[in-house]
Amino acid sequence: MLFVCLGNICRSPTAHGVFESLVAERGLAGEIEVDSCGTAHWHIGEPPDERSIAAAERRGYEMGHLRARQFTPDDFDTFDYILAMDHSNLANLERLRPAEYDGVLDLFLSFAPESGVVEVPDPYYGDGDGFNAVLDLVEAASEGLLRAIAGR
Ligand code: 4NP
């Protein structure tokens, strides 16, 4: 399970932390590999944005240990699910997708159709509420994703 955004410091690490916590809670930690990355290189090696860490912590998720990395085409060999936070990042991944990739490459929020939202809004330049909005969407999609893969 690979979550992808632009910088790998706000949205995808939030998905990483929330989904990892859900997987652990359901006793599936040994079975599902969870990771995140960015399509951009700007923040490689950095921890998540402190506003993301703080918002997640208020809901009991720990993500301060995560470090940003950039997507690499090798990720298509490693991950059966590559889930992008918005259309722009999905389009960048589609361009790199090898013809033989037979995993799921889609928007993360396709697993939260009830949200009525298709992209996780980038909170980086906005006010603090954006980080809680990210968490609301990520929690909903994480539940939907786990339901979908448990039902396979
Ligand atoms: P993310 O947010 O893609 O959710 O990690 C962003 C982080 C940094 C930048 C843009 C979006 N930036 O322009 O540096």
Side-chain angles (χ1 to χ4, degrees), residues 1-26 28-29 31-44 46 48-49 51-53 55-56 59 61 63 66-152:
M1 199 61 58
L2 180 65
F3 299 107
V4 188
C5 64
L6 184 59
N8 193 209
I9 57 169
C10 299
R11 292 166 294 174
S12 63
T14 301
H16 187 158
V18 168
F19 192 70
E20 199 162 60
S21 156
L22 190 60
V23 160
E25 190 186 297
R26 305 283 162 88
L28 298 169
E31 317 198 15
I32 303 173
E33 182 179 355
V34 184
D35 199 3
S36 64
C37 66
T39 54
H41 63 85
W42 309 313
H43 298 284
I44 291 173
E46 293 178 21
D49 189 298
R51 298 164 296 174
S52 289
I53 294 176
R59 297 192 192 188
Y61 305 110
M63 51 187 254
L66 301 178
R67 293 295 178 268
R69 73 169 178 90
Q70 189 174 22
F71 182 82
T72 147
D74 288 348
D75 286 318
F76 284 112
D77 299 329
T78 310
F79 295 98
D80 296 333
Y81 285 79
I82 300 179
L83 301 173
M85 298 298 135
D86 60 34
H87 281 119
S88 158
N89 286 296
L90 181 61
N92 284 327
L93 296 168
E94 292 280 10
R95 266 197 292 281
L96 298 169
R97 174 190 191 141
E100 63 274 17
Y101 182 67
D102 62 0
V104 174
L105 174 59
D106 203 349
L107 291 170
F108 183 34
L109 293 189
S110 68
F111 293 95
E114 73 286 356
S115 71
V117 183
V118 293
E119 300 186 299
V120 182
D122 184 351
Y124 189 65
Y125 293 108
D127 61 24
D129 284 352
F131 293 86
N132 284 319
V134 167
L135 276 159
D136 290 341
L137 291 168
V138 162
E139 285 180 335
S142 293
E143 289 282 355
L145 175 58
L146 197 58
R147 258 197 316 275
I149 58 178
R152 285 205 321 175

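These values consider heavy atoms only, across backbone and side chains, with no hydrogens, waters or symmetry-generated copies. Bear in mind that the values here come from a model prediction, so they are computed numbers and not experimental data.
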Going from [atom1] on [X] to [atom2] on [Y], what distance comes out if it is rounded to the nearest 0.5 angstrom?
X: Asn8; Y: Asp49; atom1: CG; atom2: CG; value: 12.0 Å
X: Phe3; Y: Glu20; atom1: CZ; atom2: CD; value: 9.5 Å
X: Phe108; Y: Phe19; atom1: CZ; atom2: CZ; value: 7.5 Å
X: Leu109; Y: Glu119; atom1: CG; atom2: CD; value: 8.5 Å
X: Cys5; Y: His43; atom1: SG; atom2: NE2; value: 9.5 Å
X: His16; Y: Leu2; atom1: NE2; atom2: CG; value: 9.0 Å

Salt bridge Glu143-Arg26, side-chain N to carboxylate O under 4.0 Å: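 Result for this pair is yes, salt bridge flagged.
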Salt-bridge contact Asp136-Arg59 (side-chain N to carboxylate O under 4.0 Å):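 Judged by the 4.0 Å cut-off on N to carboxylate O distance, Asp136 and Arg59 do form a salt bridge.
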Salt bridge (charged side-chain N to carboxylate O under 4.0 Å, His left out) between Arg69 and Asp75, worked out: CA-CA 12 Å; Arg69 73 169 178 90; Asp75 286 318; 3.0 Å; yes
Intermediate values then yes/no, side-chain contact (heavy atoms from CB on, under 4.5 Å), Val23 and Leu146: CA-CA 8 Å; Val23 160; Leu146 197 58; 4.3 Å; yes
Minimum heavy-atom distance between [X] and [Y], given as atom pair plus value:
X: Ile53; Y: Met63; result: N-CE, 4.1 Å
X: Ser142; Y: Val18; result: OG-CG1, 3.6 Å
X: Met1; Y: Leu145; result: SD-CD2, 3.5 Å
X: Pro48; Y: Leu66; result: CD-O, 3.2 Å
X: Arg51; Y: Pro123; result: NH1-O, 4.4 Å
X: Val120; Y: Arg11; result: O-NH1, 3.1 Å

Check: Phe71 ring centroid to Phe76 ring centroid under 6.0 Å: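 Aromatic pair counts; centres sit under 6.0 Å.
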Val4 vs Ile82 side-chain heavy atoms within contact, under 4.5 Å: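 Yes - at least one pair of side-chain heavy atoms lies under 4.5 Å apart.
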Non-hydrogen side-chain atoms of Leu137 and Val117 separated by less than 4.5 Å: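 Touching, per the 4.5 Å side-chain cut-off.
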Trace of the side-chain contact (heavy atoms from CB on, under 4.5 Å) decision for Asp122 with Asp86: CA-CA 9 Å; Asp122 184 351; Asp86 60 34; 5.5 Å; no
Backbone N/O of Thr39 and side chain of Gln70: donor-acceptor pair under 3.5 Å: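 Yes, because the side chain of Gln70 sits within donor-acceptor range (under 3.5 Å) of the backbone of Thr39.
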Side chain Thr14, main chain Leu135, donor-acceptor under 3.5 Å: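 Not a single qualifying donor-acceptor pair exists.
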Within residues 94-106 or reaching into it, pairs that qualify as side-chain hydrogen bond (donor to acceptor under 3.5 Å, both in side chains) - sequence neighbours excluded: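 For residues 94-106: Asn92-Arg95, Asp106-Ser110.
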Glu33 side chain to Tyr81 side chain, donor-acceptor N/O pair below 3.5 angstrom: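 Looking only at side-chain atoms, Tyr81 and Glu33 do not form any donor-acceptor pair under 3.5 Å.
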Results of side-chain contact (heavy atoms from CB on, under 4.5 Å) for Ala84 - residues two or more places apart only: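 With neighbours one apart ignored, the set is Asn89, Leu90, Leu93.
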